[in-house]
Amino acid sequence: MAETGAMSATTPTKGSYWITTFGCQMNKADSERMAGILEAMGYAAGSDEHSADLVLYNTCTIRDNAEQKVYSYLGRQAQRKRINPHLTLVVAGCVAQQEGAALLRRVPELDLVMGPQHANRLGTLLEQVASGQQVVATDDHHILEDITTARRDSAVCGWVNVIYGCNERCTYCVVPAVRGQEQSRTPQAIRQEIEGLAAQGFKEITLLGQNIDAYGRDLPGITPEGRRQHTLTDLLHAVHDVGGIERIRFATSHPRYFTERLIDACAALPKLCEHFHIPFQSGDDDVLKAMARGYTVERYRRILERIRERMPDAAISADVIVAFPGETDAQFRRTLALIEEIGFDQVNTAAYSPRPGTPAADWPGQLSETVKVDRLQEINALVETTARARSMRYLGRTEEVLVEARNPRHPDQWMGRTRTNRLTFFPAATFPAAAVSGPAAAAAQQGAEPGDGAIQPGSLVPVRIESVRAFSLSGLPRVPALSR
Ligand code: SAH
Ligand code: SF4
Ligand code: F3S
């Protein structure tokens, strides 16, 4: 969950806004665009959820607990609205799409309920609210190219949507119902956005799609060799040379569509980071079939073999669901065995949660809360052990870290990520500014703190890893080999 509420340069004419974001990276990217729209309208980022003039919850409905959280947040704001009728209350995102007008009946204090396909229309929708209407925008909508500049949470790493929606029909999943049909943006629009980010000083971009391997299948064009003209691989080639961008990532990959051509491109293109997020969901073929995932465990293994053949140090992360309807203990153990066999760097785990309108929710063989909790505990322990073992390989190595910010828990440390996406900390103020020369020293004079060397957000710093934990690393910087 992320919150947007820092200072803004815009002169406020409409008061302050507050956005709380639940859910995945798509929602985070949508929130950044909605924040940009609000600022262009004259709202300023507020510092407190409970005094802001406009409160927007960008919601997630992937599991029941994500949905319930929204209702508890809304309850408090509804109370505030009864005292202060000028408060504007907005629910955006996937719960809004799923519930639509029912949400207005449940929380009549709401001004606007808007699905994710309407994020870029926030301005128009708020105008309708200002004219006195209660607005529900959840109809299927062709997503327009956004002309507002997003207000990004990071000045170093930027999200770039490349495909909206999902055409898969995994039997447990609400995403296709709430995000609609696949819609790819054109390579030109994507490149233009990335060039804009580079011009603002961004160093890393993550291309986003729920099923990013589907990129381009709704765009016209066939090559002379008879294959689709627009694929993720072609897109990577088309954006790779944008100057100033040092790192490129993409998510989320689907094992059904992940191609060897893509793996080869990742190995060949230097900015493509050696980290792949490829959810496998289950280590058992029958469960995968019931989930309608469209691949076998063997296919998944082969993808990883190929990745490791071409990029031996690549980090692999995944999502997995435990206690899917009918999952036996033996099937669950196959999932555990796959985690051990592959040696994942990180796995997001979840117990199956029945979602309204999805096929699996009505199936027999729903498992008890106890089984869910037990399996989740067991798998989480294994994920941690595996991740720790993977972290060990960094000990004593020097890794390139892209600095994002100070560590909020220890402001005397910088925080960044390795190319393989491991969070890494190292002490700030290790080197006197005078020890660094060239453009780095100039950067130091432009605002880095005294004694901080020339390191600042956006610097690429070689860090020697001295200690490791399951999901993060710590080390010492080896300057002056800075890139900026
Ligand atoms: N598009 C991605 C995942 C999107 S949802 C993919 O295909 O992998 C993010 C994760 O939430 C999924 O990978 C899945 O592990 C989990 N998830 C989705 N629906 C769920 C449900 N009903 N119960 C529990 N976990 C679920
Ligand atoms: Fe959901 Fe499957 Fe689409 Fe992923 S690919 S968003 S799990 S339907
Ligand atoms: Fe949640 Fe919607 Fe993302 S349901 S996971 S916010 S697509």
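Read the numbers this way: they start at 1 and go in the same order the structure lists the ligands and their atoms. Fair warning: this is a prediction, and the values are worked out from it, not measured in the lab. Values below: every heavy atom of this structure, side chains too, minus hydrogens, waters and symmetry copies. Counting from 1, the numbers follow the sequence of the chain as shown.
Remark: R217 qualifies as a cation-pi partner of Y257 under the 6.0 Å distance and 45° angle criteria applied to the six-membered ring. Both the sub-6.0 Å distance and the 45° axial angle are satisfied by R76 relative to the ring of Y73. For the pair R106 and Y71, the distance from NZ or CZ to the six-membered ring centre is under 6.0 Å and the angle to the ring normal is within 45 degrees.
In terms of protein heavy-atom proximity, atom 6 (S) of ligand 3 is closest to N27 ND2, 3.2 Å. Ranking protein heavy atoms by distance to atom 2 (Fe) of ligand 3, first place goes to C94 SG, 2.2 Å. Distance from atom 3 (Fe) of ligand 3 to its nearest protein heavy atom, with residue and atom name: C24 SG, 2.3 Å. Counting protein heavy atoms only, atom 22 (N) of ligand 1 is closest to S353 O, 2.8 Å. The nearest heavy-atom contact from the protein to atom 4 (S) of ligand 3 is T61 N, 3.3 Å.
Residue Y172 places at least one N or O, backbone or side chain, under 3.5 Å from an N or O of ligand 1. Checked against a 3.5 angstrom limit, the closest N/O atoms of H254 and ligand 1 fall outside it. Any N or O atom pair closer than 3.5 Å counts here, and T252 shares no such pair with ligand 1. Note: no N/O pair closer than 3.5 Å links Y352 and ligand 1 by distance alone.
Considering R228, R227, R191 in turn, R227 is the only one that fulfils the salt bridge (charged side-chain N to carboxylate O under 4.0 Å, His left out) rule with D234.
Looking at E168 against ligand 1, nothing comes within 4.0 Å, counting heavy atoms. Counting heavy atoms under 4.0 Å from ligand 2, residue H254 touches it through the side chain alone. At a 4.0 Å heavy-atom cut-off, ligand 3 touches R179 through the side chain alone. At a heavy-atom cutoff of 4.0 Å, ligand 2 is contacted by no atom of P279, backbone or side chain. Neither the backbone nor the side chain of R179 comes within contact range of ligand 1; no heavy atom lies under 4.0 Å. Heavy atoms of I321 found under 4.0 angstrom from ligand 1 belong exclusively to the side chain. Under 4.0 angstrom from ligand 2, the non-hydrogen atoms of V175 all belong to its side chain. For C170, no heavy-atom contact with ligand 1 is shorter than 4.0 Å.
Taking every non-hydrogen atom of C170 and a distance limit under 4.0 Å, the qualifying atoms of ligand 2 come out as 2 (Fe), 5 (S), 7 (S), 8 (S). Within the listing of ligand 1, atoms 8 (O) sit less than 4.0 angstrom from a heavy atom of P279. Short contacts between ligand 1 and R63, defined as distances under 4.0 Å to a heavy atom of the residue, involve ligand atoms 11 (O), 16 (C), 17 (N), 23 (N), 24 (C), 25 (N), 26 (C). Heavy-atom contacts of Q210 reach the following atoms of ligand 3: 3 (Fe), 7 (S) (cutoff under 4.0 Å). Atoms of ligand 1 found under 4.0 Å from any heavy atom of R355, numbered from 1 in the order shown, are 22 (N). Near D319, with a cut-off below 4.0 Å to any heavy atom, the atoms of ligand 1 are 9 (C), 10 (C), 12 (C), 13 (O), 15 (O). For ligand 1, the atoms closer than 4.0 angstrom to any heavy atom of A350 are 25 (N). Under a 4.0 Å criterion applied to the non-hydrogen atoms of C60, ligand 3 contributes the atoms 1 (Fe), 4 (S), 5 (S), 6 (S).
Donor-acceptor pairing under 3.5 Å is lacking for the side chains of T424 and R417. With 3.5 Å as the limit, one finds no donor-acceptor pair spanning the side chains of Y17 and T88. Remark: the N211 side chain and the R256 side chain contain no N/O donor-acceptor pair separated by less than 3.5 Å.
With hydrogens and angles ignored, the 3.5 Å screen pairs no side-chain donor or acceptor of S16 with any backbone N or O of A45.
Every heavy atom of N211 sits 4.0 Å or more from the atoms of ligand 1. Not a single heavy atom of Q281 sits under 4.0 Å from any atom of ligand 2.
Nearest-heavy-atom check against atom 3 (Fe) of ligand 2 across A177, G165, C166, G209 picks out C166.
W363 and F324 have perpendicular rings, their planes meeting at more than 60° on a 0 to 90° scale where under 30° would count as parallel.
Contact annotation: C173 places an N, O or S atom under 2.8 Å from atom 1 (Fe) of ligand 2.
Environment of CD in E341: crowded, with over 12 heavy atoms of neighbouring residues, nucleotides or ligands closer than 6.0 Å.
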